[in-house]
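Notes for the one structure printed next.
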Protein chains: 2
Amino acid sequence: MKKTSRKAAVELPLNEILAGDCIEIMNSLPEGSVDLIFADPPYNLQLKGDLHRPDNSKVDAVDDEWDQFSSFAAYDKFTKDWLAAARRVLKPNGAIWVIGSYHNIFRVGSELQNQGFWILNDVVWRKSNPMPNFRGKRLTNAHETMIWAGKNEDSKCTFNYEALKALNEGTQMRSDWVLPICNGGERLKNEAGEKAHPTQKPESLLHRVLVGATNPGDVVLDPFFGTGTTGAVAKKLGRDFIGIEREEAYRKVAAKRLSKVRKFDKESLMVSASKRAQPRVPFGQLVERGMLLPGEELYSMNMRHKAKVRADGTLVGGPDVSGSIHQVGAQLEGAPSCNGWTYWCYKKDGKTVPIDLLRQQIRAEMN
Amino acid sequence: MKKTSRKAAVELPLNEILAGDCIEIMNSLPEGSVDLIFADPPYNLQLKGDLHRPDNSKVDAVDDEWDQFSSFAAYDKFTKDWLAAARRVLKPNGAIWVIGSYHNIFRVGSELQNQGFWILNDVVWRKSNPMPNFRGKRLTNAHETMIWAGKNEDSKCTFNYEALKALNEGTQMRSDWVLPICNGGERLKNEAGEKAHPTQKPESLLHRVLVGATNPGDVVLDPFFGTGTTGAVAKKLGRDFIGIEREEAYRKVAAKRLSKVRKFDKESLMVSASKRAQPRVPFGQLVERGMLLPGEELYSMNMRHKAKVRADGTLVGGPDVSGSIHQVGAQLEGAPSCNGWTYWCYKKDGKTVPIDLLRQQIRAEMN
DNA sequence: GCCCAGAGTGAATCCTCCG
DNA sequence: TCGGAGGATTCACTCTGGG
């Protein structure tokens with residue numbers, strides 16, 4: 001761990017719910033100290049009158065005071081201010097996720113781009129059990145949109161490709177996620193038995209976000225903490241969280257919820273890693289260690305080319321064709337690049353085997 | 001039919017492809033004369049270097065001159081101008097559909113709202129066969145977003161609720177549509193056998209839009225006509241169209257295409273109706289949804305082996321034994337393959353129950 | 001004519017370390 | 001900071017050609 005991050009960690013109020021306005025509080029936190037922000041800002045819903053189901057029961061609409069904005073201009077100013085404060089507390093390689101609906105997400109997305117955030121993906125949360133459209137005047141509003149953006153164009157954001165691929169049973173995770181809405185036992189109730197928050201997000205959604213975009217020990221900030229879904233999942237997954245919430249009622253519910261959450265054991269938090277994380281093995285080492293001999297011939301995967309190993313770990317593939325395993329492979333194939341480890345094979349007991357097997361052998365010994 | 005609409009219909013250049021800049025041409029058309037606009041504007045992709053597939057083949061990038069803008073400001077001005085012209089030609093109860101990706105859709109959506117359009121839904125086109133993310137650095141970009149908006153807040157826009165419900169096998173049409181991308185025989189080629197347009201949209205998509213948002217005899221305008229998918233589907237469905245296209249090559253391809261289209265040609269309908277598949281449930285979803293917890297132990301059917309669940313939906317069955325439920329099962333049994341769904345059980349109230357039960361639960365929810 | 005293996009391809013903001 | 005080299009990375013579908 002680097003000294004700077006250790007220092008920041010000491011100053012940060014970790015695993016707490018901070019009371020107050022998120023813009024003021026974020027501005028009071030040290031600059032560049034947070035790995036990830038997950039934000040579920042007010043949606044600026046402009047509902048006209050009450051909405052009734054066909055049986056005349058009233059739909060419990062999102063009409064709380066905090067969700068009323070007089071105009072797009074006011075909402076835009078609010079968005080601009082909290083995004084700027086959020087950007088300030090992010091580490092240079094930090095990222096942000098914002099969730100919204102068509103009422104607000106276009107304003108948010110535009111402002112993200114205006115401030116220099118770099119959009120990595122927009123992600124659709126496809127609700128498997130949405131509320132139907134009772135009036136039959138529109139399509140069933142069955143999804144919400146999340147924007148995933150880096151602090152800058154060149155931010156090296158965390159992306160656990162292999163872990164998300166594993167979550168999706170071996171094929172790349174797509175930008176559309178099918179997950180149920182939060183209800184049943186997971187949906188928090190207040191003392192009166194009503195839902196404690198109008199837009200509580202499901203933990204499954206946050207699980208995927210945090211597994212994919214953070215590592216254990218990372219600091220995750222949620223400026224609109226609500227009932228604390230972000231904090232609950234962060235705690236379970238061994239990430240630190242900072243929650244900011246203005247409403248006392250929500251803070252109370254969230255605090256109670258978090259006190260009951262336990263972290264998963266360490267082994268289960270390990271996640272499938274990519275090859276990129278493994279130590280580099282120079283091809284020359286195979287020759288030095290006698291696994292391949294100078295003068296020995298290698299064959300291309302497709303058996304169309306061959307090349308000879310030299311004592312210094314380079315290959316010769318013909319007149320004027322020599323260099324690293326990658327360079328010679330690329331040159332023979334007329335390709336811009338080539339992974340020599342998977343391209344070249346050697347003869348072993350009459351069979352042709354990729355040289356990558358020898359690298360794996362060395363890597364195994366290193367553990 | 002009202003007198004005004006009869007008059008406008010006479011003056012309008014119906015079922016033609018107009019050559020030139022869409023802003024100028026729209027401004028030359030009579031005000032308030034069009035029922036629906038479908039627009040597929042440039043996305044402003046801002047691609048940098050080349051991209052290669054893992055097999056070293058080069059991805060044919062969308063690098064056409066018409067998609068180049070010098071800045072967000074330039075793109076915003078373009079958006080503002082064409083949307084204003086579009087709004088002028090719309091009837092008071094007219095509506096617009098705009099399709100885009102995260103590169104441009106937030107700019108478009110904001111400007112729609114700024115000009116007074118009233119968003120009715122955002123609709124996600126979930127591609128059943130998208131291009132993967134070849135470098136494994138992001139999520140597969142598997143969807144595009146359409147915005148459906150009325151000219152005003154109080155526009156009475158056409159919405160054929162029952163027709164869409166029928167297209168969706170009797171249940172309300174949702175805001176996410178699963179449809180394949182345009183390829184195969186539908187994809188138009190030029191004389192050289194290359195794709196005639198880099199971003200041709202599938203007819204199935206337009207079929208749903210026009211069935212849901214127009215009536216026979218309505219006038220549909222497409223200011224970025226391209227190869228004329230909007231016109232082709234409009235003609236099949238007995239709607240009138242107005243196409244505007246700047247590039248002569250596209251106009252020629254579109255004209256040829258349209259000459260072959262016959263009214264009530266039902267091909268595109270078949271595609272959208274027939275696309276139904278048993279949803280795949282990844283094991284990882286059981287973990288995300290908290291049906292199984294990271295750290296929890298699973299037991300083999302025969303009770304000879306056990307394994308621990310990890311946060312990314314993989315199992316650990318011992319040192320150097322980890323991977324999917326299927327892989328770990330196969331490895332522990334020394335078998336070439338294994339159906340993890342029926343092989344693994346979990347403890348529930350003291351009894352061991354196959355995890356497949358949990359999958360069935362999820363599938364049941366999806367219907 | 002049928003089947004199967006292999007090649008081709010799609011709106012994409014797609015690498016990282018070391019010197 | 002920049003340039004060069006190492007080397008990691010793909011899903012669903014269509015079409016073509018050979019047997």
Side-chain angles (χ1 to χ4, degrees), chain A residues 113 117-122 148-150 153-154 156-157 159 161-162 165 168 170-175 273-284 302 313-314 323-330 335-344 355-356 359, chain B residues 40-64 66-69 72 99-105 125 127-145 180-187 189 193-195 197-202 224 226 277 280:
Chain A
Q113 292 177 315
F117 285 98
W118 192 248
I119 300 182
L120 302 170
N121 276 117
D122 60 334
W148 174 31
E153 180 174 347
D154 47 7
K156 304 270 171 275
C157 303
F159 179 56
Y161 174 75
E162 294 292 343
K165 195 171 166 178
N168 199 32
T171 53
Q172 273 190 356
M173 186 63 80
R174 302 167 37 119
S175 58
S274 106
K275 272 193 203 157
R276 278 182 254 256
Q278 295 182 40
R280 228 175 83 178
V281 177
F283 174 73
N302 52 26
T314 57
S324 71
I325 52 172
H326 316 293
Q327 288 167 336
V328 173
S337 72
C338 170
N339 184 344
W341 289 107
T342 49
Y343 179 74
W344 293 109
I355 59 173
D356 201 34
R359 181 171 64 163
Chain B
D40 182 10
Y43 286 9
N44 189 24
L45 285 187
Q46 311 169 65
L47 303 178
K48 301 259 168 31
D50 289 343
L51 178 65
H52 292 87
R53 299 185 182 80
D55 66 3
N56 268 325
S57 61
K58 192 175 157 195
V59 174
D60 188 13
V62 179
D63 52 4
D64 304 72
W66 49 255
D67 199 42
Q68 307 300 319
F69 294 84
F72 278 131
I99 185 166
S101 66
Y102 66 84
H103 308 84
N104 71 324
I105 199 68
W125 169 28
K127 303 179 185 183
S128 54
N129 51 350
M131 188 166 77
N133 185 294
F134 295 117
R135 306 300 291 269
K137 303 310 290 182
R138 312 228 177 141
L139 302 165
T140 305
N141 211 329
H143 74 275
E144 292 187 26
T145 302
I181 60 175
C182 179
N183 58 12
E186 189 186 328
R187 189 81 192 222
K189 305 288 192 296
E194 303 153 327
K195 57 189 177 196
H197 191 284
T199 69
Q200 186 183 339
K201 296 292 174 288
F224 307 98
R280 203 169 54 96

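So you know, we letter chains A, B, ... as the sequences are listed, proteins then strands, and number each from 1. Worth saying up front: this structure is predicted, and the values here are computed from it rather than measured.
In this structure, Arg276(A) has no side chain to side chain donor-acceptor pair (under 3.5 Å) partners at least two apart in sequence or on a different chain. Residues forming a side chain to side chain donor-acceptor pair (under 3.5 Å) with Lys201(B) (at least two apart in sequence, or on another chain): Asp40(B).
The closest side-chain heavy-atom distance from Gln113(A) to Ile119(A) is below 4.5 Å.
Counting any heavy atom pair closer than 4.0 Å across all strands shown, Asp40(B) reaches a base atom. Contact annotation for Pro41(B): base contact, defined as any heavy-atom pair under 4.0 Å involving a base atom. Counting non-hydrogen atoms under 4.0 angstrom, Glu162(A) reaches the backbone sugars and phosphates but no base. Using a 4.0 Å heavy-atom criterion, one finds that Cys182(B) contacts no nucleic acid atom at all. Phe283(A) comes within 4.0 angstrom of no nucleic acid atom, judged by non-hydrogen atoms across all strands. Residue-level contact check: Glu153(A) touches neither bases nor backbone, having no heavy atom under 4.0 Å from any strand.
For the OP1/OP2 pair of dT9(D) and a distance below 4.0 Å, the side-chain nitrogens and oxygens of Arg138(B) include no atom meeting the criterion. The shortest distance between the side-chain N/O atoms of Lys137(B) and the OP1/OP2 oxygens of dT16(C) is below 4.0 Å. In this structure, Tyr343(A) does not reach the dA8(D) phosphate: none of its side-chain N or O atoms is under 4.0 Å from OP1 or OP2. Distances shown here put a side-chain N or O of Asn339(A) below 4.0 Å from the OP1 or OP2 atom of dA8(D). One finds a side-chain N or O of Arg135(B) lying less than 4.0 angstrom from the OP1 or OP2 phosphate oxygen of dC15(C).
Taking atom P on both dA11(C) and dC15(D), the two are 15 Å apart, rounded to the nearest angstrom.
Checked by atom type, the side-chain pair His326(A)/Ser324(A) shows no donor-acceptor distance below 3.5 Å.
Proximity of the aromatic rings of Trp344(A) and Phe283(A) is defined here by a centroid distance below 6.0 angstrom, and this criterion is not met.
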* **Watson-Crick and G-U pairing of DNA chain D written in dot-bracket, each distance under 3.5 angstrom, with | for inter-strand partners** => .|||||....|||||||||
* Structure fact -> With B for base contact, S for sugar-phosphate-only contact and - for none (protein heavy atoms under 4.0 Å), nucleotides 14-19 of chain D reads SS----
* How does each nucleotide of nucleotides 3-9 of chain C score, in 5' to 3' order, for protein heavy atoms under 4.0 Å: base (B), sugar-phosphate only (S), or none (-)? -> ------B
* Going 5' to 3' along nucleotides 1-6 of chain D, which nucleotides have protein heavy atoms under 4.0 Å from the base (write B), which only from the sugar-phosphate (write S), and which from neither (write -)? -> ----SS
